[in-house]
There are 2 protein chains.
Amino acid sequence: MPPPAVRDITKGRRGGYSPIVPTNRKPRVTIDHVARATGVSRQTVSRAINNKTEIDPETRQRILDAARAMGYRPSRFARGLVRQDVITIGLVIADVLNPFFPEVTAGVLQAAERRGWQVVVYNTGSEYRKELEVIDMLFDQVDVGVAFLFHNDAIAKAAGANLPFILLDTGGRAPALPGVRIDFESGTRQGLEYLISRGHRRIAMLDDEMYLSSEAPNTRRELYLKVMDERGITVDAGWIQPAHNSVEGGAAAMERLLAAHRDVTAVFAYNDMIAIGAQLRARKLGLRVPEDCAFLGFDGLSVGELVEPPLTTLHIDKRRLGEVAVEQAALLLGGTDEGEIPEAVIEPQLIVRAST
Amino acid sequence: MPPPAVRDITKGRRGGYSPIVPTNRKPRVTIDHVARATGVSRQTVSRAINNKTEIDPETRQRILDAARAMGYRPSRFARGLVRQDVITIGLVIADVLNPFFPEVTAGVLQAAERRGWQVVVYNTGSEYRKELEVIDMLFDQVDVGVAFLFHNDAIAKAAGANLPFILLDTGGRAPALPGVRIDFESGTRQGLEYLISRGHRRIAMLDDEMYLSSEAPNTRRELYLKVMDERGITVDAGWIQPAHNSVEGGAAAMERLLAAHRDVTAVFAYNDMIAIGAQLRARKLGLRVPEDCAFLGFDGLSVGELVEPPLTTLHIDKRRLGEVAVEQAALLLGGTDEGEIPEAVIEPQLIVRAST
DNA sequence: CTGAAAGCGCTAACAA
DNA sequence: TTGTTAGCGCTTTCAG
């Protein structure tokens with residue numbers, strides 16, 4: 001037998017409705033309480049709360065006052081259960097602190113607001129475990145997932161989860177899920193051809209270190225190799241440096257690159273954050289930008305306009321990316337079959353500034 | 001009598017379960033469907049879905065397979081109704097695109113995740129109507145609000161809404177609601193005293209234009225006036241320029257300032273974004289920073305480290321701000337009375353970089 | 001204008 | 001191990 005004494009105390013405290021000693025968790029005020037307190041039926045309370053017309057204005061006011069005084073708040077669960085209308089979208093991003101994602105989020109929030117949808121946000125840090133966990137959460141808590149997923153296992157899990165799902169950046173992987181594709185191939189091509197047209201040949205690449213071991217095809221690095229090859233430029237293996245996806249990561253990678261290959265004349269970075277860090281460090285080490293070394297980013301973050309010199313970049317319309325994803329989610333929820341969702345493509349645009 | 005024909009057609013389309021022509025909205029698969037399909041009670045299905053122990057492994061698997069095949073997904077509403085455990089916090093921010101807020105959001109998301117809470121995000125743009133609207137949404141959709149609110153009417157509404165509510169930045173207003181206070185007075189004092197100690201006297205202020213008509217006391221502008229007065233420095237009205245809260249706004253304000261008062265030697269900006277825009281424009285107009293004019297920001301955004309010269313700023317621990325707010329929300333939900341919530345204060349810290 | 005009945009989809013408690 | 005019985009709190013018919 002378990003010791004009942006202890007248990008009873010606990011129960012007593014939680015369940016006790018002592019009007020003097022405030023209990024820890026206040027019991028919920030329900031529509032029935034309000035109905036009883038005002039001497040009407042709960043339907044009438046419901047009418048008052050929901051601003052229905054079929055109700056005596058006086059009664060309504062009386063009920064509203066009482067409800068407010070009692071601290072009544074309708075349960076969203078009970079409500080949602082009966083009128084299945086509130087739609088919640090689960091937005092999964094890698095890192096709120098990377099300016100790329102707030103812009104995507106802005107697009108998602110705007111599109112969602114237009115439709116009266118809610119947006120729950122999850123941050124994964126692109127960690128394997130978190131990505132898998134978050135899919136379970138989505139499954140339980142939202143009507144549709146819109147997600148940046150790095151790991152193939154997570155994508156596979158999402159695909160098998162019986163949950164409407166849209167990928168932000170389907171990224172050349174097998175189209176297990178509908179979503180938006182960012183045309184990195186076009187971007188990479190635009191960027192490198194531009195550099196080459198400006199006379200650069202020894203073009204280094206600072207890659208996101210996470211993609212070193214990636215199973216994903218069509219990474220920016222592979223596209224870089226492909227385009228360089230097409231142009232008949234032999235890439236020295238040392239030109240490619242892995243970088244942590246951050247300003248500091250870009251700086252460190254640049255330092256390593258310069259130690260080994262001081263002769264590169266341009267740097268093609270995985271993204272703007274890495275490019276900015278690299279450029280900053282290069283200048284600190286005495287190089288002139290772009291005369292000694294040019295820098296090309298990828299993303300088109302607005303911070304690129306603020307650094308010295310302003311960063312040339314392959315601009316992605318991140319806001320639109322978020323909006324389009326929500327539109328696709330709407331199609332999915334509207335009953336369109338997963339296979340029928342038209343592929344949306346975001347095409348990067350070269351923006352030339354002073355860093356090249 | 002209403003014309004029934006039209007109505008009937010509508011009803012027929014929505015309710016028709018034609019197996020050939022897919023209807024627009026597929027009817028929800030419920031636990032009962034799965035139960036019937038597998039020949040067990042719905043309780044058993046529930047056990048299988050929720051990984052309970054009291055169930056034959058074989059039965060469980062059979063049910064799980066069927067559920068998956070049928071596309072069954074438990075309703076979060078029905079579930080929430082019975083086990084009242086999932087807590088959702090409504091995070092209201094002014095602008096996702098201002099780097100200040102993603103940092104706060106990071107703190108909120110992290111603290112929420114630790115507790116297993118959901119976070120729904122709303123963006124108001126500090127618009128009067130949106131702020132008011134969002135409070136209605138919160139009231140309906142979340143368990144507790146954590147919000148940046150600019151307009152006093154919105155704060156008042158939130159205070160009267162019978163919803164647990166925490167303010168991010170209570171900002172010297174009447175303590176209608178618990179929340180975190182950012183100690184702008186301390187920050188302003190640190191910043192201005194530092195500038196004065198460096199010999200500056202003609203210190204301009206670029207204020208957020210939204211606060212021109214604000215009812216809030218203790219704005220950064222008023223604190224600036226107060227400290228300058230304490231130091232015996234007479235402030236020329238023209239030193240104060242309103243700026244749109246953005247880099248471009250800061251730039252425009254700086255240009256106006258220089259047109260009228262080229263003799264100022266330092267600029268105290270409402271925040272980093274404005275400071276960065278101002279500094280950029282000043283340099284473009286030929287001023288040397290900090291020799292001709294020094295710049296001091298407020299926020300401590302990481303972008304301040306990337307500009308040229310790096311920005312001196314009053315750093316606010318935004319991440320901690322978000323975390324603390326969630327901790328206060330937890331107290332509120334735990335039953336602590338609103339008045340008992342201890343005031344949390346975030347103290348800005350002067351970070352000296354090359355812009356001063 | 002108001003109330004009674006029914007049920008949204010699920011799980012906790014109790015029986016079998 | 002499984003099924004039955006009660007709700008969770010609300011809104012939607014349908015009667016009065």
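Here is how names work: the chains are called A, B, and so on, in the same order as the sequence lines, proteins then strands, and each is numbered from 1.
- A close approach under 4.0 Å does occur between a side-chain nitrogen or oxygen of A:R79 and OP1 or OP2 of D:dT11.
- Regarding A:D56, its CG atom lies at a distance of 11 Å from the P atom of C:dG3, rounded to whole Å.
- Nearest-nucleotide assignment on DNA chain D puts the 5′-proximal partner with B:R60, out of B:L81 and B:R60.
- Between D:dT1 and B:T59, no contact under 4.0 Å exists linking OP1 or OP2 to a side-chain N or O.
- The only option from B:D32, B:V34, B:V40 that meets the side-chain contact (heavy atoms from CB on, under 4.5 Å) definition with B:R36 turns out to be B:D32.
- Rounded to a whole Å, the CZ atom of B:F77 is 20 Å from the C1' atom of D:dG7.
- Distances shown here put every side-chain N or O of B:S41 at or beyond 4.0 Å from the OP1 or OP2 atom of D:dT4.
- Of the candidates D:dT11, D:dT2, C:dC1, D:dT11 carries the atom nearest the A:I31 side chain, counting heavy atoms from C-beta on.
- Minimum heavy-atom separation, A:V144 to A:A329: CG2-CB, 3.8 Å.
- As a whole-Å value, the separation of B:R76 CZ from C:dC8 C1' is 14 Å.
- For the pair B:R181 (side chain) and B:E343 (backbone), a donor-acceptor distance under 3.5 Å is absent.
- The base of D:dG9 is not paired with the side chain of A:R73 by any donor and acceptor separated by under 3.5 Å.
- Interface remark: the B:R47 side chain does form a donor-acceptor pair with the D:dG3 base, using a distance-only criterion of under 3.5 Å.
- When the nucleotides C:dA4, D:dC10, D:dG7 are ranked by their closest atom to the side chain of A:V82, D:dC10 comes out on top.
- Rounded to a whole Å, the CZ atom of A:R83 is 12 Å from the P atom of D:dC10.
- Picking from D:dT11, D:dG3, D:dG7 the nucleotide with the shortest atom distance to the side chain of B:V40 gives D:dG3.
- A:T44 has a side-chain polar atom (N or O) that falls below the 4.0 Å cut-off from OP1 or OP2 of C:dG3.
- The shortest distance between the side-chain N/O atoms of B:K52 and the OP1/OP2 oxygens of C:dT11 is not below 4.0 Å.
- The CZ atom of B:R42 sits 7 Å away from the C1' atom of C:dG9 (whole-angstrom rounding).
- Straight-line distance from the CD1 atom of B:I49 to the C1' atom of C:dA12: 17 Å, rounded to whole Å.
- Put simply, A:S46 has no side-chain N or O that comes within less than 4.0 Å of OP1 or OP2 on D:dC10.
- Judged by distance alone, with hydrogens and angles left aside, the side-chain atoms of A:R73 form a donor-acceptor pair with the main-chain N or O of B:F139 at under 3.5 Å.
- Residues A:R47 and A:T59 bring no donor and acceptor atom of their side chains to less than 3.5 Å of each other.
- Nucleotide D:dT11 holds its C1' atom 8 Å from the CG atom of A:N50, rounded to whole Å.
- Counting to the nearest Å, the P atom of C:dA4 and the CZ atom of A:R36 are 13 Å from each other.
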